Structure formats: C-alpha cells, structure tokens
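Input: a single structure, listed below in structure tokens.
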Amino acid sequence: MENLVHKYLTDHVEKYGNRTLVTEKENNYTFEELETMSNQMANYLKEWNVKRYDRVCLIMDSTINALVTILGVMKLGAIFVPISVAANPAKVKKICMQTTPRLIVCDEKYVTQEMTDWGYKMIINGSGRYGDGDHVLGNYRSFSGNRINSRVLSKDILYIMFTSGTTGEPKGVMISHESVCTFMDYVVKKFDHNESTCTLAKTPISFDPYLTEIVPSFIGGGRVVLFSSTYSINSFFKIIQKEKISNFGCGPSLLRLMLKNRNFFHKYDVSSLQEIYFGYENCPIWVIRELQELMPGTKFINGYGTTETYASSTFHIVEDLKNKNITDMPIGDPIDGTELLVMKENRRAKAGEVGELVVRGTSLMNGYWKNERDTALVMRNHPEFPLSQEKVYYTGDLVKLGDKGDITFIGRMDEQIKINGYRVELLEIEKLVESFEGVLECAVIFIEDDNINRLICFYSSKHPFAVKDLKDMCSRELEHYKVPNEWVEVEELPHNHNSKLDKRELQRYYIEKIRD
C-alpha cells in the first residue's frame, strides 16, 4: 500500500467525517468538507491540464484555500512549489523559470503586473479578476467533488521547496511522499496525536514545517487552527486560550518573545498547551528553563532537521531544568527509519570528538532540482558501505558525540572560520554570550577586510547591564582569538521569514552603518 500524504485524509474521512478538522477565523471545516473541497480542486486543476509530475507554483498565505490547493495538486500526482510571499519579483521569476510550472496560483494581493507578463497561466485567489484570461480560485467549488483516480506512488515528488539561500544560491529541495509520511507516522505514534489534539498552524507554506502542523490531525483526528504568523504576540496568546491549543512548533525567536511578554501569562490561560516543539536554530538553556517555570504542565521538545531531511530527523524531550547546571542540549534520538552518523574525515567519530553529522534513511530528499553538481556534494555513498550505492546526506553541521552516544549541535561547517590560523565556531561564542544573565539574543559575524579579521557581536538585552562585565566573562572563558573585537547593542536582531537570524543583514548593516 502506498504511503501518500493526501491519502491520510481520504482514508480517515469515514472514521472522523463530521468532526471539525480545520478552523480558520470563525469558519470550521470538517474532514468530509476538506476531502470534498480538495477533490473539487483536483477536478478544477485537471481542467487547466495539470497532470502528474507537472509543477504548480503557489504564492499564498497559509489559508484554507492554500491547503485545498495543495491537496488538489497532490491528488493529481503533480508537484507543488511553495514560494515565499515575501520573495521579491526577481526571485519569484527565477524559481518559476527553473521549475517551468504548468500553473501559478497566487493570492490577489501578491500579484504584480510584472508577473502577468511572464507568460505563465495564472489563477488568482481573491475577490476579482486580474487582467485578461485569468480566473478566480473560487470557481473550483462548482466542480465535482468525486475523487480522481490518479496513479501516484510514495516515491513520487510531493513538493520542491527552495531554500532561503542564507549560505549561497537558493536550491530547490525535492521531497517525496515517502519522506513526509515517514515523519508523520512517527510523530503521531510518539506524541500521541489524537482526537483531543489541537494544533496551532502558523508556519508559512514556503517553510517545510507547514505540513507537520496539519497532516498529523488527518491521521489522529485532531483539529488544526490556521493562524497568521504576522499577528501580534497578544493575538497569539489570545488564540491559545480561545481555541485551547495543545501544541505548536516554533524557533527560539518566538520563545524569547513569549518571555519578553511574560505579563500575558497572567492575562491569558495557556494551560491547554501540552507540547511545544522548537528547533531551526540553537536555543539557549535559560529560555527553556524560564518557560518551564511559567508553564509547568508543558512539555518542551527539541528537534533537529534540515529542509533536505524533511522537517525534523530527531527529537529530544527536555528534562526539568530547574536547579540543573546544563550547558548543552542534545538534539535527541532519530525518528523511525533514520540513522545518524558522526563522521570525522573518513571514520566514525569517537566519544568527545567533533564531526560532521550524516543522515541516512527514508526521510531524505531526492536531490536538488536541476542541480546535479550541488546534489552530488551532499548526497554521497554510505561511508561505511559504499558498495550498496545508498545515498546519505552530509548535512554540513558540526556536532559533538557524547560518552553515552548523545549528540550536541556545535555549528555549521560554513560558519567555522579561521583567525590567525585558529579554527573558530561562531556558535560557541554565541552560546557563551547568551548564557550571560542580561543578554536576550546575540549573533556573531566575521568581517575580513584588508587582511584584518574582526569578530563583531550584535546583542539585544533583557535589561540594562555593564557591557564590561560581559566582555570580562568572555575573556575568562574563551581563548583570546575568540573574544569579539566589537560589541554592538541593538533593540532587536533581524530574522528572515523562516524566523532564522539574518546574519547577511547584520554584515550589510555593519559595513554600511558602523565600519569606519
């Protein structure tokens, strides 16, 4: 039997039929309604001649129409290509030129005249038409709700997601149904997603955790509440109370924001929260410790994953950190169907050694779209059994293997720099700075100019403190060449649309505004 993402919904319609599956603002949609709407969408897209393996580019907010469109694309065996609504027209055009979509589906507010000149067929999701020959997405509700008998295999590509490009040119990651289903089956079983589960879905469709917030409820019978990530922190707390949210996923930036607005814990009842999944970037221990005190009934779960390995390859349930002197948080145990290798050069790392994390299993990408060169750099033969010709993923992440087999994240290999011949991991410096009681968040960048190497530490504060004390701590704890040369306090550090720190923006800001 094929493992297909949309089949989770179809297979559970009879069991959960009239139960509410999706809530969007004041509107509720049952399992039966979503199944019918997605079938109507599939039949609608078929009229546009969308077929198996065709690409459909989506420039949409995370709404019920976006979800229905994605499911309709799946049911035809086509491939959806989510594009960030924040992407500039040049990037959108580049992605479209690479993927040559059969169709572009775009929210009306994101359509530009330039896009209509590209020559691609376009469906507009909005209140009216835009230009000659374009159609309104609402038309799909007039089509048949009968299922389409389309041949789709678990090995088929489900979507192509373009990376943010923070480490270079954005690449289109090809993910199959099998990769996603491996993750979904594990999560539902491991964390007991059931009919009482209510998930806050706030991730944009252009970010790989999007499906992780929605699909588990297809299986377990829970409910999903669609929530725009652009809403205020007050609205965030308010909807947790109103909808009795039981879980959500996020990056450290949201956790910090929750602490910064800790007064809302007294204003709103968030006791329904059972689990918070966090990851994407390193999260300081103190952030989780303080949140555990504010939410004693909530389980905090650290995850490690990359876009290339689909969402999360590991999970670590954080213990009670009260009165415990813990400096590093393990990335956790691999999900079913996944194995982690820590490789130092051409051998397995020993306990206490730092090496590159290598992932093998069923959750790996098929490769980068039309990019064999970069695919070959990261998808290589199994290092311990190359004769099998099995491809494993070299993550480019540096990790440390503990005495008991636990793995802690050290940093990116491309953020490992050299200063006067010494190797330096920027994350090591950032972890230490963020352990200082007054620091809320920090980022260390490396500037090389006229053969002068400089480390610049940008930081935001929880409350005023003497920066001399912070510098003194770093001088005591770090080798001299790791101590930042300059310290820049900012009100807030920049993050990209995936909530990750935007170090490129910091480098630009330093060069244009600060450097003499």
Side-chain angles (χ1 to χ4, degrees), residues 1-11 52-53 70 74 77 79-80 151-161 163 171-191 193 207-216 218-220 249 277 279 301 303-316 331-343 348 356-369 371-372 374-397 399 405 407:
M1 186 167 64
E2 293 297 333
N3 290 324
L4 305 172
V5 174
H6 57 273
K7 200 168 183 293
Y8 286 132
L9 174 61
T10 302
D11 288 351
R52 189 181 184 189
Y53 307 134
I70 287 170
M74 291 184 197
I79 301 165
F80 72 94
R151 180 67 168 162
V152 186
L153 302 182
S154 59
K155 290 286 188 181
D156 284 348
I157 301 301
L158 173 65
Y159 66 76
I160 302 171
M161 185 165 292
T163 60
K171 298 181 284 287
V173 177
M174 295 186 287
I175 294 291
S176 69
H177 282 266
E178 179 183 47
S179 297
V180 176
C181 291
T182 295
F183 175 89
M184 299 302 172
D185 290 335
Y186 176 84
V187 167
V188 171
K189 179 177 66 175
K190 174 72 174 178
F191 299 110
H193 280 255
F207 195 21
D208 51 317
Y210 169 75
L211 290 176
T212 70
E213 298 173 339
I214 294 173
V215 176
F218 291 179
I219 306 168
Y277 303 87
I301 302 164
Y304 166 86
T306 68
T307 304
E308 289 84 351
T309 60
Y310 186 66
S312 190
S313 301
T314 70
F315 286 108
H316 169 70
I331 63 173
D333 299 320
I335 67 173
D336 290 347
T338 296
E339 181 181 9
L340 306 180
L341 311 174
V342 181
M343 302 300 298
R348 286 229 193 188
E356 181 178 4
L357 185 64
V358 177
V359 182
R360 66 179 295 248
T362 54
S363 66
L364 304 186
M365 69 170 179
N366 283 46
Y368 297 121
W369 175 258
N371 193 336
E372 294 183 7
D374 284 349
T375 298
L377 291 176
V378 297
M379 300 291 288
R380 309 180 217 163
N381 285 341
H382 191 313
E384 295 181 326
F385 190 26
L387 290 176
S388 70
Q389 296 190 40
E390 174 195 354
K391 299 300 181 184
V392 297
Y393 176 61
Y394 282 72
T395 65
D397 288 333
V399 297
I407 297 172

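Start at 1 with the first residue, then count along the sequence. These figures come from a predicted structure and were not determined experimentally.
The CD atom of Glu2 lies 9.5 Å from the SG atom of Cys181; values are rounded to the nearest 0.5 Å. The structure places CG of Leu158 at 12.0 Å from CD of Glu178, a figure rounded to the nearest 0.5 Å. Considering CD1 of Ile175 and CD1 of Ile79, their distance stands at 12.0 Å, rounded to 0.5 Å. The structure places CZ of Arg380 at 10.5 Å from NZ of Lys391, a figure rounded to the nearest 0.5 Å. From Tyr394, atom OH reaches atom CE of Met379 across 11.5 Å, with rounding to the nearest 0.5 Å. Atoms CG and OG1, on Leu357 and Thr395 in that order, are 4.5 Å from each other to the nearest 0.5 Å.
Closest non-hydrogen pair, Asn366 versus Ser176, comes out as OD1-CB, 3.9 Å.
Taking the side chain as every heavy atom from C-beta outward, Pro383 and Val392 approach each other to under 4.5 Å. Residues Val358 and Tyr393 have side chains not in contact (no heavy-atom distance under 4.5 Å, counting atoms from C-beta outward). Between Val180 and Tyr159 the shortest side-chain heavy-atom distance falls below 4.5 Å. Side-chain contact between Val215 and Val188 is absent, with no heavy-atom pair separated by less than 4.5 Å. Contact check for Ile331 versus Leu340: side-chain heavy atoms found under the 4.5 Å cut-off. Between Tyr304 and Thr309 the shortest side-chain heavy-atom distance does not fall below 4.5 Å. In this structure the side chain of Thr306 reaches within 4.5 angstrom of the side chain of Asp397, judged on heavy atoms. Looking at heavy atoms from C-beta onward, Leu341 lies in side-chain contact with His382 at the 4.5 angstrom threshold.
The aromatic rings of Tyr277 and His193 sit parallel, their planes meeting at an angle under 30°, below the 60° perpendicular limit. In this structure, Tyr186 and Phe315 have parallel ring planes: the angle between them is below the 30° cut-off, well short of the 60° mark.
Judged purely by atom type and a 3.5 angstrom limit, Thr338 has no side-chain atom pairing as donor or acceptor with the backbone of Gly361. Not a single donor-acceptor pair under 3.5 Å links the side chain of Thr314 to the backbone N or O of Asp333. Within the 3.5 Å criterion, the main-chain N or O of Tyr310 finds no donor-acceptor partner in the side chain of Ser363. Using a distance-only test at 3.5 Å, with no hydrogens or angles considered, no donor-acceptor pair links the side chain of Ser179 to the main chain of Met365.
A salt bridge links Glu390 to Arg360: at least one charged side-chain nitrogen sits closer than 4.0 Å to a carboxylate oxygen. Taking a cutoff of 4.0 Å between a charged side-chain nitrogen and a carboxylate oxygen, Lys171 and Glu308 do not qualify as a salt bridge.
Remark: of the listed residues His177, Arg52, Arg151, Arg52 is the sole one forming a side chain to side chain donor-acceptor pair (under 3.5 Å) with Asp156.
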key: side-chain hydrogen bond (donor to acceptor under 3.5 Å, both in side chains) between Thr362 and Thr182, worked out   = CA-CA 7 Å; Thr362 54; Thr182 295; 2.9 Å; yes
inquiry  = Could you go through Asp185 and Asp336, starting from their C-alpha distance and side-chain angles, then the distance that decides it, and tell me whether this counts as side-chain contact (heavy atoms from CB on, under 4.5 Å)?
reply    = CA-CA 9 Å; Asp185 290 335; Asp336 290 347; over 6 Å; no
inquiry  = I'd like to know whether Leu211 forms a side-chain contact (heavy atoms from CB on, under 4.5 Å) with Met184, so could you lay out the CA-CA distance, the side-chain angles of the two residues, the decisive distance to 0.1 Å, and finally the verdict.
reply    = CA-CA 9 Å; Leu211 290 176; Met184 299 302 172; 4.0 Å; yes
task = For side-chain contact (heavy atoms from CB on, under 4.5 Å), just list the numbers for Thr10 and Phe218, CA-CA rounded to whole Å, side-chain angles, deciding distance to a tenth of an Å, and then say yes or no.
result = CA-CA 9 Å; Thr10 302; Phe218 291 179; over 6 Å; no
